[in-house]
Amino acid sequence: MKNLLDLVKPVAKTENSASSKGIVLKILETMRESAVIADKDNRIVCSNSTAFKEFARFGKPLENFRISEIFRDLSVHDSFRKALERGESSEINFEFFLDEKKVYKVFVSPLEIDDERYAIGVFYNITQLERLEKIRQEFLQNVSHELRTPLTSILAFVETLENGAIEDPENSRRFLSVIRKNAERMHHLINDILELSSIESGRIKFCPGKVALKKMICEIFTDLASKAEDKKVTLKGNISEEVYVFADAIRLEQMLTNLIDNAIKFNRVGGLVEVNYRQTETHDIISVTDTGEGIPPEHLPRIFERFYRVDKARSREIGGTGLGLAIVKHLAKLHGGEVRVSSIPGKGSTFFIELPKTK
Ligand code: ADP
């Protein structure tokens with residue numbers, strides 16, 4: 001079997017022959033996409049190294065294999081056939097399974113070389129794009145759903161007021177407070193979405209420095225005191241005066257506020273929230289422990305995803321947007337650290353923020 005590079009010789013052996021070979025090689029090799037060229041028998045005569053990396057089985061070169069033997073997909077086979085037999089170009093989507101599933105957009109076109117018909121296929125790996133598109137769609141769906149629920153409630157109560165309830169002062173006050181609660185929910189949600197988007201796109205100010213941890217925890221406890229009192233939850237910080245961590249103060253406060261707020265929200269009446277600190281050689285570790293309902297193990301792997309909640313209805317009822325932990329995760333990442341959780345259902349949960357120490 002001849003290699004394509006032997007086939008692209010001009011009729012006369014001139015200097016052109018070297019340059020034709022060079023051009024074909026260069027074009028295929030400089031492409032980031034996979035490219036293969038097949039002859040009239042649908043057999044691969046030339047491919048670039050990206051194609052070898054992505055489609056070769058057991059390290060065997062693609063050359064001499066039929067298109068169908070490599071790609072094992074009818075639509076790829078048909079596209080090459082159409083280009084070879086009818087000179088038609090086509091575009092298809094195709095999924096390839098080797099170690100993992102990959103998705104490609106494939107463009108196949110006829111190619112004339114020395115009066116012989118070939119077909120060239122260029123494979124754009126769109127796996128990542130498809131994944132991002134799926135995330136985008138899910139996100140939009142979630143946001144629409146989260147906004148629609150309070151909006152429906154606002155509209156229903158406004159309509160009730162318009163239909164006469166406004167004449168009854170006691171009821172109209174109650175309805176107004178429901179409207180306010182739902183409007184606040186939408187407001188929180190939009191704030192959290194904007195916040196998450198700023199963090200993810202790196203559009204936030206990030207100025208790490210030495211932070212006095214005990215002082216920060218005391219301030220957060222003061223801010224959340226009335227929430228804790230409502231639930232008779234005790235807030236306890238076991239941190240000594242001299243503990244300093246290296247972090248952006250505003251962002252660390254935001255992370256800890258989210259975790260302590262959750263620890264109060266998901267606690268039992270009369271429960272306890274404790275904040276502790278310890279260090280390893282490389283990391284500062286701050287933990288927030290509660291004596292609440294805990295998180296069943298099957299939910300733990302997804303708990304930091306946007307809008308993921310163990311009990312959606314309950315979380316909404318107690319004023320959650322479902323974005324708090326996603327924000328904590330991204331902020332921890334921004335510090336070069338991470339957030340982890342361990343939980344015993346019925347006993348409580350501990351969230352750990354691990355921040356790298358400065359050298
Ligand atoms: P939100 O609290 O607004 O619902 P979060 O992203 O902060 O959203 O939390 C996501 C979910 O994780 C919560 O709905 C809840 O199911 C669970 N969760 C978070 N913190 C705790 C906790 N301390 N104890 C039990 N469940 C928790």
Side-chain angles (χ1 to χ4, degrees), residues 135 138-139 141-143 145-150 181-200 217 220-221 223-224 227-228 230-237 251-276 285-334 338-354:
I135 292 174
E138 274 175 14
F139 182 69
Q141 253 172 21
N142 274 323
V143 170
H145 180 76
E146 296 294 332
L147 284 174
R148 198 175 49 195
T149 316
K181 199 174 135 205
N182 281 288
E184 278 171 355
R185 222 174 96 189
M186 291 171 75
H187 186 77
H188 283 151
L189 180 65
I190 288 166
N191 279 348
D192 276 0
I193 291 170
L194 291 175
E195 182 67 16
L196 199 55
S197 140
S198 307
I199 300 168
E200 277 185 321
I217 299 295
I220 298 172
F221 281 176
D223 289 345
L224 296 175
K227 252 191 186 173
D230 287 349
K231 242 183 140 168
K232 302 197 172 25
V233 167
T234 307
L235 303 177
K236 197 165 167 232
R251 300 302 165 182
L252 180 60
E253 184 175 343
Q254 195 178 359
M255 286 192 270
L256 288 168
T257 304
N258 267 331
L259 294 184
I260 298 169
D261 185 52
N262 276 350
I264 299 169
K265 264 190 338 196
F266 296 102
N267 220 316
R268 59 181 161 78
V269 175
L272 174 69
V273 174
E274 276 188 281
V275 181
N276 288 292
I285 303 171
I286 310 163
S287 59
V288 178
T289 302
D290 65 63
T291 53
E293 60 206 57
I295 302 165
E298 66 273 22
H299 293 281
L300 287 177
R302 300 195 58 191
I303 208 77
F304 294 99
E305 286 176 22
R306 304 156 181 201
F307 296 116
Y308 193 84
R309 288 121 153 179
V310 175
D311 182 340
K312 270 196 177 358
R314 206 176 141 246
S315 156
R316 285 201 199 101
E317 186 51 40
I318 52 183
T321 61
L323 292 173
L325 288 182
I327 290 176
V328 175
K329 184 180 99 177
H330 279 89
L331 288 175
K333 236 169 94 183
L334 201 67
E338 64 172 331
V339 54
R340 290 188 298 109
V341 57
S342 76
S343 187
I344 304 173
K347 288 222 152 138
S349 313
T350 301
F351 286 80
F352 303 88
I353 296 178
E354 303 190 352

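In each ligand, atom 1 is the first atom listed, and ligand 1 is the first ligand listed.
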### Query
With a 4.5 Å limit on heavy-atom distance, are the side chains of F266 and V310 in contact?
no
### Query
In terms of residue, atom name and distance, what is the protein heavy atom nearest to atom 12 (O) of ligand 1?
I303 CD1, 3.3 Å
### Message
How far is atom 15 (C) of ligand 1 from the closest protein heavy atom, and which atom is that?
### Response
F266 CZ, 3.4 Å
### Task
Determine the sole option in V275, T257, L259 for which the side chain to side chain contact (heavy atoms under 4.5 Å, CB included) test with I220 is passed.
T257
### Message
So, applying side chain to side chain contact (heavy atoms under 4.5 Å, CB included) with N182, which one of M186, E184, R185 is it?
### Response
R185
### Task
Below 4.0 angstrom from a heavy atom of G324, which ligand 1 atoms are there? Numbered from 1 as shown, please.
5 (P), 6 (O), 7 (O)
#### Entry: Spacing of R306 atom CZ and D192 atom CG [to the nearest 0.5 Å]
11.5 Å
### Task
Write out the residue and atom name of the closest protein heavy atom to atom 26 (N) of ligand 1, then the distance separating them to 0.1 Å.
I295 CG1, 3.4 Å
### Message
Between D290 (side chain only) and V273 (backbone N and O only), is there a donor and an acceptor less than 3.5 Å apart?
### Response
no
### Query
Okay, side chain of K231, backbone of N267: is any donor-acceptor separation there less than 3.5 Å?
yes
### Message
Considering L300, I260, T321 one by one, which has a heavy atom nearer to atom 3 (O) of ligand 1 than any of the others?
### Response
T321
### Identity and separation of the nearest protein heavy atom to atom 23 (N) of ligand 1
D290 OD2, 2.9 Å
### Task
Just need the protein heavy atom nearest to atom 2 (O) of ligand 1, so name the residue and atom and give the distance.
K265 NZ, 2.9 Å
#### Entry: Closest protein heavy atom (residue, atom, distance) for atom 8 (O) of ligand 1
G322 CA, 3.2 Å
### Query
Please state which protein non-hydrogen atom is closest to atom 19 (C) of ligand 1 and give its distance, to 0.1 Å?
N262 ND2, 3.6 Å
### Query
How close does the nearest protein non-hydrogen atom get to atom 6 (O) of ligand 1, and which residue and atom is it?
L325 N, 2.8 Å
### Numbered atoms of ligand 1 (with element) below 4.0 Å of Y308, judged on heavy atoms
10 (C), 11 (C)
### Task
Give a yes or no on whether H188 atom NE2 has more than 12 heavy-atom contacts from other residues, nucleotides or ligands under 6.0 Å away.
no
### Query
Do the side chain of S287 and the main chain of T350 share a donor and acceptor less than 3.5 angstrom apart?
no
### Summary
For S349, the ligand 1 atoms with a heavy-atom partner under 4.0 Å come out as 24 (N)
### Message
Can you tell me which portion of F351 lies within the under-4.0 Å heavy-atom range of ligand 1? Options are side chain, backbone, both, or neither.
### Response
side chain
### Message
Looking at K329 and E200, is any side-chain nitrogen of the basic one under 4.0 Å from a carboxylate oxygen of the acidic one?
### Response
no
### V310 neighbourhood, listing ligand 1 atoms whose heavy-atom distance to it stays under 4.0 Å
16 (O)
### Query
Which is it for H299 and ligand 1 at heavy atoms under 4.0 Å: side chain, backbone, both or neither?
neither
### Query
Any donor and acceptor pair, going by atom type alone, linking the side chain of R309 with main-chain N or O of T321 inside 3.5 Å?
yes
## Note on the structure
Under 4.0 Å from one or more heavy atoms of L323, ligand 1 contributes atoms 6 (O), 8 (O)
